[in-house]
Amino acid sequence: MRAGHEGTGPGAITPDGCAVEFYARLPVGPEPDIIAGAVPAGASILELGSGVGRMTHPLLERGFTVTAVDESAEMLERVHGARTIHSTIEDLDLGETFDVVLLASFLVHTGDVRVREGLLRTCVRHVAPGGCVLIQREGEDYHTNVPRERMDPGGFTVRIASSEPLGDGVNVVRAEYDFPDATWTQTFRARPMTKEQFEEALAEAGLEVDRYLTDDRIWVRAVRR
């Protein structure tokens with residue numbers, strides 16, 4: 001397990017505390033449409049942290065070529081139709097570039113600054129000239145509107161139970177996922193960033209915001225500086 005990360009519940013748990021069985025149950029959200037609207041048709045996509053393919057499969061259906069990367073072999077076993085690569089993101093160096101590099105799931109908010117720098121360097125290393133990096137940020141109230149929960153139309157509850165300061169700008173977050181037949185939890189470390197702090201982190205990696213793709217500024221299209 002990565003330091004400060006933990007997961008509980010049935011089935012395999014990844015190094016950052018994610019439950020494979022839980023993510024296999026999650027429905028597809030609006031993300032594939034957001035991505036498709038921000039990049040050229042048929043683009044090659046490097047998906048960093050693909051998980052079980054919740055976004056991979058819809059992107060393939062939309063005609064994109066996807067290379068899916070994840071540090072969990074159990075996650076990648078659920079991905080079909082895409083090239084898969086078992087690797088940590090920060091250590092990835094494929095020696096090739098892609099039209100689009102995708103860094104979703106709030107990974108840019110990792111509590112370890114060195115890991116964040118590694119993630120963004122991987123994005124820069126793999127984006128083709130004229131290409132873009134799509135990043136998913138936390139919402140503005142992610143760490144302040146706590147506890148909170150929502151009932152998914154699929155019949156399960158997603159709950160952010162707590163977000164407690166650990167020190168040095170890092171919070172320890174506990175998430176709970178309740179289904180009628182099973183419960184999973186994940187505890188992880190996250191570093192809240194304002195819009196300005198986020199853009200500064202991008203600049204340090206050689207990226208800049210091209211535009212925010214959603215009104216809540218959670219989805220971002222970035223390009224090389």
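None of the values given here were measured: they were computed from a predicted structure.
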Once rounded to the nearest 0.5 Å, what's the spacing between atom CZ of R159 and atom CD of E176?
5.0 Å
Quick one: OG1 on T67 to CD1 on I45, what's the gap to the nearest 0.5 Å?
9.5 Å
Check which hydrophobic residues are tied to V158 through side-chain heavy-atom contacts below 4.5 Å, counting indirect links as well, and list them.
V20, F22, Y23, L26, V52, M75, F156, Y177, F179, W184
Pairwise distance OG(S72) to CD1(I13) - rounded to 0.5 angstrom
9.5 Å
Qualifying residue for side chain to side chain contact (heavy atoms under 4.5 Å, CB included) with V66, from V100, V79, L60, L102
L60
L103 vs E47 side-chain heavy atoms within contact, under 4.5 Å:
no
Start with the C-alpha gap between D168 and R191, add the side-chain angles, then the distance that decides, and say whether salt bridge (charged side-chain N to carboxylate O under 4.0 Å, His left out) holds.
CA-CA 9 Å; D168 189 33; R191 182 178 295 274; 3.7 Å; yes
Answer yes or no: is there a side-chain heavy-atom contact under 4.5 Å between V124 and R224?
yes
Output, in order, the C-alpha distance, side-chain angles, deciding distance and verdict of salt bridge (charged side-chain N to carboxylate O under 4.0 Å, His left out) for R25 and D152.
CA-CA 12 Å; R25 295 187 182 198; D152 190 272; over 6 Å; no
Can you find a heavy atom in the side chain of F198 that is under 4.5 Å from one in the side chain of R217?
no
Would you say that T187 contacts V172 through its side chain, given a criterion of any heavy-atom pair below 4.5 Å between the two side chains?
yes
Pairing donors with acceptors under 3.5 angstrom, does anything connect the side chains of T56 and S50?
no
With T110 as reference, evaluate R116, E90, H5 under the side chain to side chain contact (heavy atoms under 4.5 Å, CB included) test and give the passing residue.
R116
Less than 4.5 Å apart, side chain to side chain, heavy atoms only: is that true for V69 and L46?
yes
List the steps and the verdict of salt bridge (charged side-chain N to carboxylate O under 4.0 Å, His left out) for E96 and R83.
CA-CA 14 Å; E96 58 186 289; R83 172 190 180 194; 2.9 Å; yes
T185 side chain to A175 backbone, donor-acceptor under 3.5 Å
no
Identify which one of T144, N145, N171 satisfies the side-chain hydrogen bond (donor to acceptor under 3.5 Å, both in side chains) criterion when paired with S163.
N171
From I35 atom CD1 to L134 atom CG, the distance as rounded to the nearest 0.5 Å:
6.5 Å
Applying salt bridge (charged side-chain N to carboxylate O under 4.0 Å, His left out), run through R221 and E208 and close with a yes or a no.
CA-CA 9 Å; R221 187 181 193 273; E208 63 183 2; over 6 Å; no
Any heavy-atom pair between the side chains of D99 and V39 that's under 4.5 Å?
no
Could you measure the distance from the CG atom of L107 to the CD1 atom of I135? Nearest 0.5 Å is fine.
10.5 Å
D93, CG: over 12 other non-hydrogen atoms inside 6.0 angstrom:
yes
H126 vs L94 side-chain heavy atoms within contact, under 4.5 Å
yes
Backbone N/O of A68 and side chain of T84: donor-acceptor pair under 3.5 Å
no
Give a yes or no on whether the backbone of V223 and the side-chain of D210 come within a donor-acceptor separation of less than 3.5 Å.
no
With a cut-off of under 6.0 Å to the ring centre and 45° to the axis, is R137 in cation-pi contact with Y142?
no
Can a donor-acceptor pair be found, under 3.5 Å and without considering hydrogens, that links the side chain of H86 to the backbone of E71?
yes
